Every structure is written in C-alpha cells, then in structure tokens.
Amino acid sequence: MKRFWATTAAAFAAVTATAALAAGPDTVRIDAGTLHGAVSGAVASFKGVPYAEPPVGALRWTPPRKAAPWSTPKEAVAFGPSCPQGPPVASLLAGAASGPTAEDCLTLNVWAPVGAGASAEGAPVMVWLHGGGNQQGGSAVPYYDGASFARDGVVLVTVNYRLGPLGFFAHPALVKAAQAKANGGEPVGNYGLMDQIAALQWVQRNARAFGGDPARVTVFGESAGGQDILLLLASKAARGLFAQAIVESGGGWGTTPSLADAEARAQAAASAAGLPDATPDQLRALPVSTFDALPFRRASGPMVDGTIVSSPSIAQSFRDGRATSVPMIIGSNAGEDSLTTREAAATALAKLSPERLAALRAAYPGTDDALLGRNLFRDSVMGAPAHWIAGQVAATGQPVWLYHFAFVPPGVRSFFPRAIHGGEIPFVFETIDKAPIPPKALTNADRAYAATVHGCWVSFAKTGAPACPGAPAWPAYTRAADPTYVFGDAPHVATGFLKAPYSVQDDLLKDRGGTSGAF
C-alpha cells in the first residue's frame with residue numbers, strides 16, 4: 001500500500017515533460033507516449049486518453065494502475081466509452097452519460113489553449129468530476145465541452161471514473177485478498193475515488209505537456225462530483241494533488257457507511273447473483289449486466305475504508321479540522337428539489353418533531369406544506385451544508401466564496417420555475433447551446449449570462465478569487481458578514497441569505513450529532 005501511494009508532489013515535479021504543444025498544436029508527448037489530437041481555432045483537444053490500465057479481468061476491483069506506455073502515436077480524437085451504469089434517474093442536466101459504455105473506461109479528455117502566446121507554459125488547470133450519484137454519468141456529455149475554458153487560457157480536463165458496484169464494492173473475499181497483498185495491503189472498496197486520485201496524479205505528471213501548471217490545479221465537480229471533492233479534501237491520499245476546489249451542489253451532511261456495512265451489502269449482492277460463497281475470481285468473472293438487475297446498484301457508493309475515506313461523515317472531517325483547507329467556491333441551486341418527489345418531501349416533514357416542524361414553518365412563512373417539504377430537501381441536502389462548510393473553511397483563514405444559483409432562461413421558466421439540480425453546469429461551461437434546452441428558448445441575453453458565470457469560474461482558476469465580468473464584486477465569505485452571491489435575474493450579493501431556514505437546518509444537524517440532514 002505504501003508503494004501504491006508513494007508518489008509525491010516532489011516526484012511529480014521531477015517528471016520531465018515536453019514543452020507545451022511543442023511538436024505542433026495537435027501533438028503532445030506525455031509520460032506514456034505521443035498523443036495526436038485535433039485543433040479547432042485556438043483550442044487543441046485530446047480525447048479518450050488512458051490514465052490507467054483498463055480495470056477488467058483480474059484488475060476489476062483493484063486500485064488503478066498507470067496506463068501502459070505506447071510506442072506509436074495514439075489517436076486522441078474521440079471520447080472513450082463511459083463506465084458501466086444503470087439507466088439515468090437524475091436531473092435533466094446532471095447524471096446521464098452520452099454514448100456507449102464499457103468496463104474499459106478509465107480515460108480523460110483535455111482541452112488546451114493554442115495560438116499566439118496562448119500555449120506558453122504556466123496556464124491554470126481545471127479538472128471536472130461529473131455528477132450522477134456515483135452511479136451514472138461520464139465525461140462525453142456535450143455540455144461538458146471544455147473549449148470555452150481553453151479559449152480563455154485554462155487547460156480543462158474531464159474524467160471518467162468507475163461507478164456503481166464496479167466503482168464501490170467491498171465483498172469480504174475481495175477485502176481479504178487485498179489486505180493480504182505485500183507492503184501492508186491495497187486500498188479496498190472506493191475504486192471510483194481511487195480513479196479520481198489517479199486522474200489527478202496523471203494531471204500532476206502531464207499538465208506541462210499541455211501548457212498547464214501542476215501547481216495551479218482547481219478541481220471542480222457537481223453533485224456526486226462535488227461530494228467526492230469534499231471526500232478528497234478529507235483524504236490523505238489526495239493531499240497535494242490540487243490547490244483549489246469548486247463544489248457545486250455537493251451536499252456534505254450525509255453519513256458514509258462503514259466498511260462492514262459495505263461488505264454486508266456486497267455479500268448480499270453476490271448471493272443474489274448466485275454466489276453465496278464467492279471467490280475473487282468468480283466475482284470478477286460475472287458479466288457487467290449481472291449488476292444492472294440487482295437492487296444493490298442504487299445503494300453502492302463511498303464507504304469508510306480507512307485509507308481513502310477515514311471519517312463517517314464529511315461534516316465531521318470539516319468540524320474536527322481534518323479536511324484540507326484550500327481556497328474554495330461552494331454553493332447550490334434554487335431548485336435542488338428537482339431530485340426529490342412530493343411523497344419523499346412529505347415523509348421528511350413527518351420525521352420532524354412538532355417543535356422542529358413549527359420552527360421550520362416559521363422560517364418559511366407563507367409556504368404550504370408541499371413547498372415546505374421541497375424547500376426542506378433543497379436546504380437540508382444542499383443549501384445549508386454549503387453554507388455551513390463555507391463557515392468552516394472561512395474559520396481556517398482560507399478564502400471561500402458562497403453562491404446560490406437561481407437563474408433560469410425566461411424561455412423555459414414555464415417548465416422549470418426554479419434552477420434545477422445541475423442547472424448551472426451549461427452556464428459554468430458556457431455551453432447552453434449544447435444543453436438539452438430548446439434552441440428557440442435561448443436568447444443572446446441568456447448567452448451573455450452564461451459568459452458571466454463562466455468568467456467567475458475562470459477568474460477563480462487564474463487568480464484564486466472569482467471576478468465576474470460585467471457583474472458586482474463577489475466578496476469572500478465570513479460568518480460575521482454572511483454574504484451569498486445570488487445568480488438571480490441579475491447577479492447580486494445578499495447578506496444573511498436564507499438565514500432563518502439555515503439556522504433551523506444547523507439545529508437539525510446538531511440533533512443528529514453533526515452527521516446528517518433531514519433526508
């Protein structure tokens with residue numbers, strides 16, 4: 001295990017990389033070999049690049065291994081397949097993969113600036129971790145296109161990582177075999193998180209080949225991608241791999257199952273597949289389709305394995321000061337309740353004590369119980385955790401910026417009155433014309449708004465502070481001032497935003513020992 005995680009930032013810095021795009025804008029030399037990509041205008045793209053060996057056969061449910069080198073130039077002009085996953089169930093703008101899926105899926109994509117002066121070394125790097133509940137999604141989504149970032153001087157990387165039971169699985173037979181490995185054993189269970197770490201290590205080794213600076217990496221992600229960033233901040237295995245973070249709708253108040261609980265679920269899944277006494281070889285021989293038929297698929301996710309994840313909750317890691325504190329943007333959307341149902345919202349209300357329910361009704365005056373339940377979901381699962389984590393980071397002395405995304409193009413407000421989960425993504429990437437929005441519903445004013453949001457994220461990557469072009473200044477968060485940058489019809493700063501509801505949610509967190517929200 002020590003040998004597996006022995007690569008350090010110093011070792012990464014010692015790797016010799018060819019100068020940025022020196023062989024021509026469509027050709028780069030990385031540590032594993034030469035890549036031949038494509039150039040469009042001032043942007044070079046390299047797609048489907050292996051960052052680890054295919055996790056198939058004997059490598060299924062093992063930590064990712066560095067990709068084997070190749071001797072002839074590798075064509076990097078098409079996305080690799082997304083990792084195997086169940087049918088999409090998440091929001092319209094978060095969680096669905098595009099294109100084929102295959103177990104050989106550990107690839108990433110790079111967009112790099114080219115042109116007069118643009119390819120000089122030292123550009124900031126941004127690494128995107130997609131959402132989808134760690135169950136679905138991929139990097140080949142049209143509105144995850146990184147061209148706008150590269151055009152603005154940022155090296156943009158998007159990543160595939162293992163999902164569902166292929167990404168998060170801890171059968172006792174696999175755990176026993178991993179623990180018996182030499183040098184203290186191998187990490188177990190959290191293979192999707194290990195993939196993300198391996199991709200970030202790849203970026204450290206190869207950023208300079210694309211003109212990027214490995215010391216200026218910002219990792220950003222939405223939903224499960226945001227949650228995973230919070231887990232990586234609390235993981236010693238990810239230390240030194242990124243300098244800044246952006247967490248979009250990443251929650252942070254949920255509990256993480258123990259390894260024992262994960263082993264029990266995996267054992268039950270194997271038994272349901274006809275292998276009550278499974279060996280590692282038998283498990284690795286199961287067809288991928290076997291897992292699609294098991295209820296276990298929806299229950300698989302990060303676990304406390306003791307190496308990658310050590311704390312039973314993200315909140316506890318931040319509260320106890322064990323999470324790495326870096327400059328951060330964090331926030332959520334006005335319509336996060338697009339992820340829930342009327343029935344689930346009503347059930348959550350029914351769980352509250354009469355005193356807490358009364359406090360909640362007072363915090364949302366004039367709201368009927370149907371909307372109250374949906375607001376409870378939005379704020380307990382996403383909004384209040386983001387607000388709370390911002391306070392924790394600010395208390396360490398690191399700068400942090402809090403946002404609430406509420407903008408919906410006027411042409412679709414009759415269908416989506418609030419900004420749905422994932423609704424900010426096409427604005428962040430400045431790709432609203434590639435999003436599943438009817439083209440006739442979009443206006444040039446919507447595109448200008450996307451340019452503003454995108455500019456906030458780009459300026460953070462470049463300077464360490466978000467400056468939104470054409471919009472008011474965005475102040476860093478402090479508990480005393482309590483500012484939130486609201487992306488409404490016009491971006492503006494709100495003081496004490498949703499103060500009463502968040503105060504109730506903070507009390508609910510305390511009721512649960514600092515480990516979970518209401519859902």
Side-chain angles (χ1 to χ4, degrees), residues 1-9 11-12 31-32 50-68 83-84 103-108 134 159-205 228 231-232 234-241 256-267 269-270 275 277-286 288 291 296 300-312:
M1 183 169 63
K2 291 181 179 178
R3 182 170 56 193
F4 179 77
W5 294 115
T7 308
T8 63
F12 291 141
D31 60 345
Y51 67 87
E53 284 291 281
V56 301
L59 296 186
R60 180 191 280 182
W61 297 311
T62 65
R65 302 184 184 183
K66 283 179 62 176
C83 293
E103 199 169 356
D104 178 2
C105 61
L106 298 187
T107 60
L108 51 75
N134 284 312
V159 179
N160 285 342
Y161 56 93
R162 282 174 281 183
L163 303 166
L166 292 173
F168 301 90
F169 194 71
H171 190 279
L174 295 170
V175 173
K176 183 178 179 180
Q179 292 174 342
K181 296 279 188 178
N183 299 311
E186 289 180 340
V188 298
N190 290 307
Y191 303 107
L193 293 176
M194 295 182 216
D195 293 343
Q196 295 170 7
I197 291 169
L200 288 165
Q201 291 173 333
W202 183 97
V203 169
Q204 289 293 312
R205 296 194 305 271
D228 292 350
L231 289 169
L232 294 179
S235 177
K236 293 181 180 179
R239 296 274 166 85
L241 296 180
T256 307
S258 68
L259 181 59
D261 288 340
E263 286 186 88
R265 285 204 306 268
Q267 177 75 65
L275 295 173
D277 300 306
T279 67
D281 287 345
Q282 288 174 323
L283 290 168
R284 290 181 173 122
L286 286 171
V288 172
F291 298 100
F296 170 82
S300 56
M303 65 201 73
V304 180
D305 68 294
T307 301
I308 308 300
V309 179
S310 299
S311 174

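This structure is a prediction, so every number in the text was calculated from the model and none was measured. Start at 1 with the first residue, then count along the sequence.
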Nearest heavy atoms of E53 and K66, plus distance in Å: CG-O, 3.4 Å

From CA spacing to verdict: side-chain contact (heavy atoms from CB on, under 4.5 Å), V288, R60: CA-CA 11 Å; V288 172; R60 180 191 280 182; 3.8 Å; yes

Inter-residue atom distance L193.CG - N134.CG, 0.5 Å rounding: 6.5 Å

Heavy-atom side-chain contact between I197 and I308 under 4.5 Å: yes

Chi angles and distances behind the side-chain contact (heavy atoms from CB on, under 4.5 Å) call for V159, W202: CA-CA 11 Å; V159 179; W202 183 97; over 6 Å; no

Note, R162 side chain near P64 side chain (heavy atom, < 4.5 Å): yes

Worked verdict on V309 versus M303 for side-chain contact (heavy atoms from CB on, under 4.5 Å): CA-CA 7 Å; V309 179; M303 65 201 73; over 6 Å; no

Side-chain touch N190/L231, heavy atoms, less than 4.5 angstrom: no

Straight-line distance of D228 CG to Q196 CD, nearest 0.5 Å: 4.5 Å

Approximate separation, where rounding is to 0.5 Å, of R205 CZ and D31 CG: 4.5 Å

Heavy-atom closest contact (F291 atom, L286 atom, distance): CZ-CD1, 4.2 Å

A68 versus A32, closest heavy-atom pair with distance: O-CB, 4.3 Å

Minimum heavy-atom distance V304-S311, with the two atoms named: CG2-O, 3.4 Å

V188 and E263: CA distance, side-chain angles, deciding distance, side-chain contact (heavy atoms from CB on, under 4.5 Å) verdict: CA-CA 11 Å; V188 298; E263 286 186 88; over 6 Å; no

